[in-house]
Amino acid sequence: MRVSVSYNSIGAFLKRNFQMPDFTAYARQPVPIVVAQYLVRFFYIALLFISMLLFPDWWDTSFVTQSTIAPFWPTSWVPLVNPTLAVYAIRLLFIFGATAAAIFPENRLARIFAFLGLIEFVSLYMSFWKIDADFYPWVAVSFLLIFLPSLKEVDVNDVESKAKFLLALWASQTIIVLGYTMGAVGKIVHSIPAFWYGQAHSFSIDAAALHIADRLLTTNSTSVFGPMVIEYPLLGWPFFVGAIYLMFFAILTSFRLPLQRLVGIGLILYHIAAYLTMNIGFTANVLLIAILFLNSPFRDSRISWREILAQVPLLGWIMK
Amino acid sequence: MYIIALLIIYVVGGLATRALPAWSDKSIVPFYSWFFFVDVPEYVQQSALIIHEYDGEQLEGPILFQNALGIVDNPRSAKARELIQRLRKSLDDGDVETSRMLRKQLEDNFLPLCLGYRIATIAYNPIERWKHGTYEVLFEEEFNTSCE
């Protein structure tokens, strides 16, 4: 009897907190699918911008041709061919793939080329310049969007295709918040043995100050507020713990859709704080969150702020 | 349903990065960086390149690579930091071939001619080092770049 009650409780908990959205219901409404299509177009427009922004004068390929560094696996073929032509090809693939997808986002082939151009360019960039995790979500989302159904000639009553389109966009949002939640899980899990052995952990008063100091020393840089937090660690503590809370529960936005905008704002502010203290930019990630979360197709303007806050973990429980 | 399957595969792949060696910072380019900053750096042991001689002249005090603007062209290069870290590990492992290869990559791409340097492990508390500049050198091996 006790085991049966536990299983029922677990099932009820999962059903209450991790229920998949009803994409068919959203597909029957006129607004979500239109917003979703615009977001996909904005994604590829932003990708086009990025393809031109990074290293605009990157036609001097000596950093590759004179390098003996082994590139990461997606570009492991570069040293096997003419490296100069390989770099040019990757850049052109990225630029024109992104252009094609920006103009024709409904075309799957264009989306495939955009993804290939992105993954090749990102790998080249990280192989010979620096590791920049900023672009990892872009690669994942670009891959997922390949699977969008075409709506170009779809019947307005084709609810199934619209639902699939919304599902693919939801999956793109989910893959972003998943990374944050797992990051928070890692911090929490690693805090347990550290706490047990009396070492500093993610909930220590000086955790933020230690992270900031180590980062600034390693990169030989400074920041606007970093030195202040290092000097007065208590200033950073509530923001650091708050960030862990925000990131830990971020995945819930995939199942509590009214939270998407609020969490999106929170994550953007988190990255701004990281930039102003640790000098870590993550600008591409901020752009991606802004595109996919600030005006999500699942947003319901009829829901009040109070109703939204009632869905915030822990806070909603306090409000009841 | 294949989109859900892709998400599940993504989760499994991300969790699998926990099995990666510690020196790899638990990331897979260009997909996963879930576990950055999970440990609070209270007592840090870090690979470092310490410059003690340049152009035939002994420096007044050893300089860390990242502080050596004017001697090296790109002291804040993340790729250089990565190579230093990997070189330190290969030296610790006694992997002569990998050490030779990494030294060549480092010297060819980031170090000037006629440089005397040490690949070291330094230890510090970040806040103390920030405030007072103090760190401890645990292990080091000395090398020189060619003068030709």
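To find a chain, count down the sequence lines: A is the first, B the second, and so on, and within it residues start at 1.
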Using heavy atoms and a sub-4.5 Å threshold, report which of residues 116-124 of chain B line up against chain A, by residue number. B/Tyr124

Let me know if B/Tyr10 has heavy atoms under 4.5 Å from chain A in its side chain, its backbone, both or neither. side chain

Chain B contact via A/Ser204 - side chain, backbone, both or neither, heavy atoms under 4.5 Å: neither

If you take all heavy atoms of B/Val38 and A/Gly186, which pair is closest and at what distance? CG1-C, 3.5 Å

Find the one option among A/Leu216, A/Val139, A/Ile175 whose heavy-atom pairs under 4.5 Å with chain B are most numerous. A/Ile175

Of all residues at least two apart in sequence or in a different chain, which pass the side chain to side chain contact (heavy atoms under 4.5 Å, CB included) check with A/His271? A/Tyr180, A/Phe282, A/Asn285, A/Val286, A/Ile289

Is it the backbone or the side chain of A/Ser221 that comes under 4.5 Å from a heavy atom of chain B, or both, or neither? both

Least distance between heavy atoms, A/Met126 atom then B/Lys79 atom: O-NZ, 3.4 Å

For A/Met278, which atoms come within 4.5 Å of any heavy atom of chain B: side chain, backbone, both, or neither? side chain

B/Phe139: which residues meet the ring pair (Phe, Tyr, Trp, His ring centres under 6.0 Å) condition with it, sequence neighbours left out? none

Part of A/Ile146 lying under 4.5 Å from any heavy atom of chain B: neither

Passes side-chain contact (heavy atoms from CB on, under 4.5 Å), A/Trp170 versus B/Leu7? Steps please. CA-CA 11 Å; A/Trp170 172 87; B/Leu7 279 179; 3.9 Å; yes

Quick check: closest heavy atoms across B/Pro126 and A/Leu217, and the distance to 0.1 Å? O-CD1, 3.5 Å

Nearest heavy-atom neighbours spanning B/Leu15 and A/Met182: CD2-CE, 3.3 Å

Suppose a student defines contact as a heavy atom less than 4.5 Å from any heavy atom of chain A. Which residues in residues 42-70 of chain B would they list? B/Glu42, B/Val44, B/Gln46, B/Gln66, B/Asn67

